[in-house]
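Below is one structure, written out as structure tokens; the observations come after it.
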Amino acid sequence: MKCISAAALSKAYGDTRAVDRIDLNVEPGQAFGFLGSNGAGKSTTIKMLTTLIRPTSGSLNILGVDALREPLRVRRRIGVVLQQPSYEPTLSVERSLTKYGMMWGVPGDESRRRAERLMRDFGLADLRKKRNEDLSIGQRRRVQVAREFMHDMDLLFLDEPTVGLDPAARRELLDYLKEKAASGLTIFYTTHILSEADYLCDNIAIIQKGRILASDTPAALKKRLGRQKTITLRTNADDQTVATALAGIPDCVVQTGMGASITIESAKPEHILMEVLSRLRKNGIKMREISAEAATLEDIFLETIRDASGSETG
Amino acid sequence: MHPVLRLVNRNLTVSLNPGFLIWQVLFPLIYIFVVGFAYTSLIPGVTYNGEHVTYPAFLATGMIGFNIMNSTLVSGLIIWNDRRHGMFEQIMSGPYTRMQYVLANICTIGTVGMISAGLIVGVGYPVFQESAEFTIYTIPLIVFAAVTGSVLFGSLASIISTRLTSSEGFNVVINTTFIFLAFASTAFYPAEGAPEGLGAAFYFNPLTYIVDAIRAGIFGGITQAVFVEMAALSAIAATLFVVAAKMMTKVDL
Ligand SMILES: Nc1ncnc2c1ncn2[C@@H]1O[C@H](COP(=O)(O)OP(=O)(O)O)[C@@H](O)[C@H]1O
Ligand SMILES: [Mg+2]
């Protein structure tokens, strides 16, 4: 049985085809990444999959249930973290977790236990007595994601959950989700950040203008779409010092000139950059300038779209 | 627990915060014990149903209806707040139907209305007890007026909540409605003494019907007019509830 099985799923708002005949197949236990830039149709898709809105056409089966016929049966078994923040402004962090548990029918003792564990796992223990309205956007987002784990579910939807989180919290969340996926939870995850989908997901579909452009494993997609990215750093130190400091880092070239300039060329330059920066710091080398020629997903899309429309008109 | 009860539980937790409760008691307290008694030098008393009633006693009984309106207009905003803070979508993506959400809101509103009516009865009792003539027949009338009134104002607030999207517009509409309903009613003064047009206008206001019924229940003297008012109140409440429920089930996500 598939966890999500959608065929020719579409949603139109007037003339806008927000989602245009997409097919989706998500296997149990998969972390499925739904990748697309702003306005691509990710949220509309998630709202259809979670039965919040009705598709204009197409068929949809979630966890073996016809989602158009029996939406409530679907909703009882899924968890949903929408893109829009959702919170009870006047409740404390702790209270909003236990109340949410109550709303899902989790017994009081169990609810308190889960809330404790989640506050620990999501770094919310110090904020437990704070009201949601007094939290920062990122903290609130963490509460929103943590809250969804108050109840049991077979399938979890998350719509850009890392927006508003700082890099550390982002990574922690991804690791938490990775662990859940490893223990068998099926996850449907949307993002516009390629590296997130790459890090978390077993399978990725790329959506643009309501249509799925490609769907495959991250490795295969990267081969197809992931052009290499280049990051250039300039330092004040001389070539030799820099070269020695950075010896052994892959995809990283030191060039000579007015102070050494370092070029990283990789599909994943962020990871290498971290290593380069930490070595430079250790060796007391100061950075003068940094520039990135980033081939973000956005760029790839723009290029793909340009190519596509070019071939259509030409 | 039934899904509707779970939602009511959550609604009450969110609605009945200490600030709200203090306000619900403090405001009428000031009204009854400061305004009510301060005005006794101007208003020696009110003739109600042929009997003399002190102004604070008159006001205290009016404040019961006023407080029901005040609290249920606020708790009718549940859907407004839920939409603003994303909780409406969140709940609708959970194990609930729209109808359950609507029912839970109405139950919450009714409960809040009863609680705030009870608070004023408690607070105002010493003031009106001298003129009070409760009987077993009048208490159901008071409860009926309180619940029907709660549904009416809760539905009204829900309708405003679903129709308006901007905070500014919403605040203007809610506050204007509130002020008009509160002051063009018999809550603070009897209709008989008011200039003719104004006194008549009081009777286009459901708060008047609630207040009249509650006063009749407390001071005795249930007249035919009160039954007419109760019938009108029920009809308006039922209509507004149906409209509110329709609108809430149609809110876009
Ligand atoms: N309620 C709506 N009414 C009209 N257009 C909408 C509505 N929701 C989304 N859209 C449009 O549908 C397209 C896809 O939006 P969305 O699914 O939110 O994209 P994403 O989540 O990928 O950023 C956009 O062009 C957006 O403007
Ligand atoms: Mg979106």
By a 4.5 Å heavy-atom criterion (distance strictly below it), what part of [X] contacts chain A: side chain, backbone, both, or neither?
| X | answer |
| --- | --- |
| B:R83 | backbone |
| B:N9 | both |
| B:Y96 | both |
| B:L5 | neither |

| said: Using a 6.0 Å cut-off, check whether atom CZ of A:R128 has over 12 heavy atoms from anything other than its own residue. | reply: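 Atom CZ in A:R128 is crowded, with more than 12 foreign heavy atoms closer than 6.0 Å.
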| B:F170, CZ: over 12 other non-hydrogen atoms inside 6.0 angstrom |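 Enclosed.
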| said: Do A:V80 and B:E89 make a side-chain contact, defined as non-hydrogen atoms from C-beta onward lying under 4.5 Å apart? | reply: no
| task | Taking the side chain as every heavy atom from C-beta outward, state whether A:E133 and B:H85 have any pair of such atoms under 4.5 Å apart. | result | no
| query | Are the side chain of A:R75 and the backbone N or O of B:M92 linked by a donor-acceptor pair below 3.5 Å? | reply |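 Such a contact is found between A:R75 side chain and B:M92 backbone.
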| message | Whether the side chain of A:Q84 engages the backbone of B:R84 through a donor-acceptor N/O pair (distance < 3.5 Å, no angle test) should be reported. | response | no
Can you tell me which of [options] forms the most heavy-atom pairs within a distance under 4.5 Å of chain B?
| options | value |
| --- | --- |
| A:N132, A:T50, A:L72, A:I78 | A:L72 |
| A:R73, A:M102, A:K47, A:K99 | A:M102 |
| A:E88, A:Q144, A:E148, A:R76 | A:E88 |

Nearest heavy-atom pair of [X] and [Y]: which atoms, and what distance?
| X | Y | result |
| --- | --- | --- |
| B:G86 | A:S86 | O-CB, 3.2 Å |
| A:T90 | B:V14 | OG1-O, 4.1 Å |
| B:G94 | A:W104 | CA-CZ2, 3.8 Å |
| A:M103 | B:R6 | O-NE, 3.0 Å |

Please flag which part of [X] lies under 4.5 Å from any non-hydrogen atom of chain B: side chain, backbone, both or neither.
| X | value |
| --- | --- |
| A:L52 | both |
| A:Y100 | side chain |
| A:R147 | side chain |
| A:R77 | neither |

